There are 2 protein chains.
Amino acid sequence: MKNTKQRKVILEIINRSNEHLNAYDIYEEARKTLKNISLGTVYRNLNCLCNENLITIVNDGQEKKRYDKIEKHQHFICTRCNKIIDIYEPIIKPLKKYENNLVMNYKIILEGICEKCLKEEENGIKRK
Amino acid sequence: MKNTKQRKVILEIINRSNEHLNAYDIYEEARKTLKNISLGTVYRNLNCLCNENLITIVNDGQEKKRYDKIEKHQHFICTRCNKIIDIYEPIIKPLKKYENNLVMNYKIILEGICEKCLKEEENGIKRK
DNA sequence: TACTTAAATAGTAATCATTACTAATAAAAG
DNA sequence: CTTTTATTAGTAATGATTACTATTTAAGTA
């Protein structure tokens, strides 16, 4: 795997960000540094970086893919506003095996309603 | 929400299946009962049923969406062959709250290499 | 039971995220 | 410095999903 400047920029954007960016967000951010970088390059690198386990996909299933740094943390996703909140406290003890399958990674997604949406609901701003 | 025969058929397919079907699989299965059902109807109903919490999305992030019944279980996904294995044993105690966010559901995805792929690797069939 | 109306449908067209393709470029190795 | 081979920019193609529209139908009401 060649260490191109495009790949470095993409990886840096993800590692520096505290948000959960999608491919196009990353493309726009990368263009601030490399004005000619192409969207295809971003996608190709995101896939490479995922395969090499240098980044990970945040996976809420209702939206397009978002990418995140690899440090172990989990996510809470609000089903009202789609906000993603990082969880750093360990929730489960990592399993090494499930039956005879080798477990190498795990993702936990808590779904629910975030604090802000709960308050708005109380105040009748967003009554269903 | 009207109780149409299309919606009933779609929900039944998901509840009866032990596989993790995508929208097109469900469309093909539904056509065995309703020969004129349209793919758009399948998609629309899958979204309705998800919003009503009558079905759920199986979410491995690397592939198109797959749908599953709602009974509480979690998933192991093989990163080699994309096989999805259901896990019925509880892995975490359900949380009611995370900080001030209301937790209504959780999804756990264990990623790794399934028994079959491990064996094939040992036998050198699928050496990387 | 017939009438009304609002939601759902079939069929098709459009959208949009992602991937594939190609000639040109640039890491990395010798 | 030259060679090799992956990577790139730019664009076209793909394919999952959504939107649109005239028609149908579930379900409420007289």
Side-chain angles (χ1 to χ4, degrees), chain A residues 1-14 17 19-68 77 79 82 84 128, chain B residues 1-14 17 19-68 77 79 82 84 128:
Chain A
M1 194 154 86
K2 284 189 189 173
N3 191 21
T4 64
K5 54 178 189 280
Q6 289 84 348
R7 185 162 299 154
K8 270 185 267 178
V9 165
I10 291 167
L11 186 54
E12 258 188 37
I13 288 167
I14 294 166
S17 171
E19 295 171 76
H20 303 90
L21 306 170
N22 63 41
Y24 200 84
D25 295 334
I26 294 164
Y27 168 64
E28 284 189 319
E29 191 62 29
R31 288 220 295 179
K32 293 179 185 171
T33 314
L34 304 168
K35 22 184 191 333
N36 289 329
I37 195 171
S38 86
L39 186 54
T41 297
V42 172
Y43 273 106
R44 197 171 357 84
N45 277 291
L46 289 172
N47 286 336
C48 289
L49 292 168
C50 278
N51 288 337
E52 299 289 322
N53 273 307
L54 295 170
I55 61 170
T56 187
I57 294 175
V58 183
N59 199 348
D60 66 344
Q62 304 285 8
E63 278 200 333
K64 62 191 112 168
K65 290 176 193 167
R66 305 197 209 177
Y67 297 85
D68 204 355
I77 297 177
T79 56
N82 287 318
I84 298 179
K128 259 201 155 174
Chain B
M1 193 156 88
K2 284 189 188 173
N3 191 21
T4 64
K5 56 180 187 283
Q6 288 86 345
R7 183 161 299 154
K8 269 185 267 179
V9 165
I10 290 167
L11 186 56
E12 258 187 37
I13 288 168
I14 294 165
S17 172
E19 295 171 76
H20 303 91
L21 307 170
N22 62 41
Y24 200 85
D25 295 334
I26 293 164
Y27 169 64
E28 284 189 319
E29 191 63 29
R31 289 221 295 180
K32 293 178 185 169
T33 314
L34 304 168
K35 20 185 193 335
N36 289 330
I37 194 170
S38 87
L39 186 54
T41 298
V42 172
Y43 273 105
R44 196 170 357 83
N45 277 291
L46 289 173
N47 286 338
C48 288
L49 293 168
C50 279
N51 287 338
E52 300 288 321
N53 273 305
L54 295 170
I55 62 171
T56 188
I57 293 175
V58 183
N59 198 346
D60 65 346
Q62 305 286 6
E63 276 200 333
K64 63 189 114 172
K65 291 176 192 168
R66 304 197 210 177
Y67 297 85
D68 203 356
I77 298 178
T79 55
N82 288 318
I84 299 179
K128 258 200 157 175

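Remember, it's a predicted structure, so these values are computed and weren't measured experimentally. So that the names make sense, note that chain A is the first sequence line, chain B the second, and so on, each numbered from 1. Because only heavy atoms are used, hydrogens play no part in the values below, and waters and symmetry mates are left out as well, while side chains stay in.
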Contacts of Arg44(A) that satisfy side chain to side chain contact (heavy atoms under 4.5 Å, CB included) - sequence neighbours left out: Thr41(A)

Output the residues of residues 22-36 of chain A in contact with DNA chain D, where contact means a heavy atom of the residue under 4.0 Å from an atom of the strand; sort by number or write none. Asn36(A)

Roughly how far apart are Glu19(B) CD and Asp68(B) CG, rounded to 0.5 Å? 11.0 Å

Hey, could you give me the CG/NZ distance between Leu34(B) and Lys8(B), rounded to the nearest 0.5 Å? 10.5 Å

Any side-chain heavy atom of Leu49(B) within less than 4.5 Å of one from Ile10(B)? yes

With heavy atoms under 4.0 Å as the rule, sort Arg44(A) into base, sugar-phosphate or nothing. base

Between protein and nucleic acid, restricted to nucleotides 25-28 of chain D and to nitrogen or oxygen atoms under 3.5 Å apart, what atom pairs and distances do you find?
from: dT25(D); atom 1: O2; to: Lys2(B); atom 2: NZ; distance (Å): 3.2
from: dA26(D); atom 1: N3; to: Lys2(B); atom 2: NZ; distance (Å): 3.3
from: dA27(D); atom 1: OP1; to: Asn3(B); atom 2: N; distance (Å): 3.0

Shortest non-hydrogen contact from Ile57(A) toward Cys50(A): CG1-SG, 3.8 Å

If the condition is salt bridge (charged side-chain N to carboxylate O under 4.0 Å, His left out), which residues does Lys32(A) pass it with, not counting sequence neighbours? Glu29(A)

Interface polar pairs with nucleotides 13-16 of chain D, N/O, under 3.5 angstrom:
from: dA16(D); atom 1: OP1; to: Lys64(B); atom 2: NZ; distance (Å): 3.1

So which nucleotide from dA10(C), dT17(D), dG10(D) ends up closest to the side chain of Thr41(B)? dA10(C)

Rounded distance in Å - CD1 (Ile37(B)) to C1' (dA8(C)): 11 Å

If I take atom OH from residue Tyr67(B) and atom CG from residue Leu46(B), how far apart are they, to the nearest 0.5 angstrom? 5.0 Å

Are Asn47(B) and dT18(D) close enough that a side-chain N or O sits under 4.0 Å from OP1 or OP2? yes

To the nearest Å, how far apart are Ile10(B) CD1 and dA10(C) P? 9 Å

Glu12(B): what forms a side-chain hydrogen bond (donor to acceptor under 3.5 Å, both in side chains) with it, not counting sequence neighbours? Arg16(B)

Give, for atom CZ of Arg7(A) and atom CD1 of Ile37(A), the distance between the pair rounded to the nearest 0.5 Å. 10.5 Å

Ignoring hydrogens and geometry, is there a side-chain-to-backbone donor-acceptor pair from Asp25(A) to Asn22(A) under 3.5 Å? yes

Between dA19(D) atom P and Leu39(B) atom CG, what is the distance in whole Å? 14 Å

Atom-pair distance (CG on Asn51(A); C1' on dT7(D)), nearest Å: 16 Å

Roughly how far apart are Ile26(B) CD1 and Asn45(B) CG, rounded to 0.5 Å? 10.5 Å

